[in-house]
Amino acid sequence: MKRLLTRSVSVIFIVCLMLPFAAEIGLRVMYSEVDYLRPSFVADSALGYKIASYSSGHDKLGFRNADVSNTDLVAIGDSQTYSIATSRNESWPMVLSAELSTPVYNMAVGGYGASQYAELAKIAIEELRAKTIVLGVFLGDDAQSYANTQFVPHEMTVKTWFEAHSMLFNWVFYHWPGDAVRYVKKAIDRDNSVGSILSLERDNVSTDILVSARNKSMDLRLSSVRKGVDNLVKHIERIDKQVKLFVVLIPTKALVLEKYTPVNNAPKTLVREWQSSIALENALRLYLKQRLLKLGIQVVDPSKALQKVAAEKSVYFSDYNGHFTAAGQQAIAQAVARRMIK
């Protein structure tokens, strides 16, 4: 009996030990590396930094596509357009491709800004022969007066190593097991005072935001933001003179969820700060839209579409992550498609 028990425990131990390896192999068979592995970055003389060629399923140029080919339609932007929190096919450029029944080449990279957008447009026009560019401008930081163009080697930690090498690790984060992880992370972040976290609810859906986190990048009363807007508009105008251009004004989480309700015990100071952030972003959004329209540049504002979807589905994760889920990406793509078809 003792021997049988020992063998049973050994078998269970071996099975438990092998399950993660089996799951990793299964995920690599079912999914693409580009959806679940963190890529490697390298220095670039024009862009400052870029994703290395063929890194984690990216294409030869270091973008989130299956391959490189000449295309009429190119999407440019930062992590909101790259769609860092969804699969490649769920990103708004790929959903837009399905909506328009035409290929869309995604040239977005997280952290890019106005000067890099202009450089990407140059590559798209000269090397890919693009005829139309859809530029995703993130209102949360694209109006700042500086660009993140310096290459900084990524610090290797246990977490970043798993993000770069384990599809299972990342799958857990993006799917239902990740919800439990996010709840634990939320509690830890609160204990470590990551920032002013405000919890919001609507129809049994809850999520968090970091209030005031982006105010210094959106406040038009600051000279740095006004200079940033001037720089952004200058680059956009330059792109518009070379190719047919649509500018998508991508809102922040604070604005999209303005119809949500703060939890009952939310401090009034945090609620006021949240409302202040929304006011600053709305002022920036309208100001930038007016300037672009005055120049004859076509603008897509998906904020209302996103708010409508947010009333029915979760467009963000349950923690304070400010990137869209697949539902949010789809809402942006459909808003862009309607404007382009119109």
Side-chain angles (χ1 to χ4, degrees), residues 32-35 39-84 86-138 142 147-149 151 232 234-250 292 297-300 329 332-333 335-337 339-341:
S32 170
E33 288 185 352
V34 77
D35 294 334
S40 299
F41 290 84
V42 295
D44 183 83
S45 58
L47 296 166
Y49 66 93
K50 67 178 183 179
I51 297 174
S53 298
Y54 301 117
S55 174
S56 300
H58 290 72
D59 63 25
K60 181 180 179 181
L61 296 180
F63 297 111
R64 201 182 187 193
N65 305 280
D67 53 37
V68 179
S69 60
N70 291 348
T71 178
D72 288 346
L73 182 56
V74 168
I76 290 174
D78 61 6
S79 60
Q80 298 288 357
T81 299
Y82 177 97
S83 191
I84 198 170
T86 73
S87 69
R88 173 169 55 196
N89 289 335
E90 291 172 328
S91 66
W92 71 255
M94 293 302 99
V95 179
L96 178 64
S97 175
E99 292 283 334
L100 299 178
S101 298
T102 188
V104 176
Y105 187 78
N106 190 345
M107 295 186 77
V109 174
Y112 275 8
S115 62
Q116 289 149 321
Y117 297 159
E119 187 63 33
L120 290 178
K122 180 180 178 181
I123 296 172
I125 296 168
E126 295 179 357
E127 297 185 23
L128 301 179
R129 301 292 186 266
K131 296 180 180 178
T132 302
I133 288 177
V134 184
L135 173 60
V137 171
F138 181 48
D142 277 346
N148 182 16
T149 58
F151 173 65
L232 177 62
K234 178 187 70 176
H235 285 298
I236 290 175
E237 187 177 14
R238 187 178 302 167
I239 296 171
D240 185 63
K241 290 179 179 179
Q242 302 175 72
V243 69
K244 186 175 183 180
L245 176 66
F246 292 86
V247 177
V248 187
L249 301 181
I250 300 176
L292 294 175
I297 296 171
Q298 302 187 76
V299 178
V300 182
Q329 292 286 321
I332 294 174
V336 175
R339 181 66 182 84
M340 293 183 72
I341 292 171

Looking at Asn65 and Val104, what are the two nearest heavy atoms and their distance?
OD1-O, 4.2 Å
Please name the residue in the list Thr81, Val300, Val137 that meets the side chain to side chain contact (heavy atoms under 4.5 Å, CB included) test with Ile250.
Thr81
Return the set of residues passing side-chain hydrogen bond (donor to acceptor under 3.5 Å, both in side chains) with Thr71 (not counting sequence neighbours), or none when no residue passes.
none
Nearest 0.5 Å, please: how far is CD1 in Ile133 from CE in Met107?
8.0 Å
Keeping the roles fixed (side chain from Ser40, backbone from Ser55), state whether a donor-acceptor pair exists under 3.5 Å.
no
Please report the interatomic distance CG(Asp44) to NZ(Lys50), rounded to the nearest 0.5 Å.
4.5 Å
Ignoring hydrogens and angles, tell me if any N or O in the side chain of Gln116 forms a donor-acceptor pair with the backbone of Leu47 under 3.5 Å.
yes
Looking at Ser87, is its backbone amide N or carbonyl O close enough to the side chain of Glu90 to form a donor-acceptor pair, meaning the two atoms are under 3.5 Å apart?
yes
For Ala52 versus Val42, what's the shortest heavy-atom pair and its separation?
CB-CG1, 3.9 Å
Of all heavy-atom pairs between Gln298 and Leu245, which one has the smallest distance, and what is that distance?
CB-O, 3.7 Å
Nearest-0.5 Å distance that lies between atom CG in Leu292 and atom CG in Leu135
9.5 Å
Is there a side-chain contact between Leu128 and Val68 (heavy atoms, below 4.5 Å)?
yes
With sequence neighbours left out, which residue pairs that include part of residues 64-81 fulfil the salt bridge (charged side-chain N to carboxylate O under 4.0 Å, His left out) condition?
Asp35-Arg64
Heavy-atom distance under 4.5 Å between the side chains of Val248 and Val134, does that happen here?
yes
Taking all atoms of both residues into account, what is the closest heavy-atom pair of Ala66 and Arg88, and its distance?
N-NH1, 3.3 Å
Which ring pair (Phe, Tyr, Trp, His ring centres under 6.0 Å) pairs, counting each pair once, include a residue from residues 53-82, with sequence neighbours left out?
His58-Tyr82
Shortest non-hydrogen contact between Ser97 and Thr102, atoms and distance
OG-O, 2.6 Å
Which value, rounded to the nearest 0.5 Å, describes the distance between Asp59 atom CG and Ser53 atom OG?
8.0 Å
With Glu33, which residues qualify under salt bridge (charged side-chain N to carboxylate O under 4.0 Å, His left out), at least two apart?
Arg28
Tell me if the aromatic rings of Tyr112 and Tyr49 count as close, with their centers under 6.0 Å from one another.
yes
Would a distance-only check, ignoring hydrogens and angles, find a side-chain to backbone donor-acceptor pair under 3.5 Å from Gln329 to Trp92?
yes
For Asp142, check side-chain hydrogen bond (donor to acceptor under 3.5 Å, both in side chains) against everything at least two apart and list the hits.
Tyr117
As an exercise, state the distance from CG of Leu100 to CE of Met340, rounded to the nearest 0.5 Å.
5.5 Å
Suppose we screen for ring-ring contact (aromatic ring centres under 6.0 Å, His included). Which residues come up paired with Tyr105, at least two apart in sequence or across chains?
none
Looking at Ser83 and Ser91, what are the two nearest heavy atoms and their distance?
CB-CB, 3.3 Å
To the nearest 0.5 angstrom, please state how far the CD1 atom of Ile297 sits from the NZ atom of Lys241.
9.5 Å
Checking the side chain of Gln242 only, and the main-chain atoms of Arg238 only, is there a donor and an acceptor separated by less than 3.5 Å?
yes
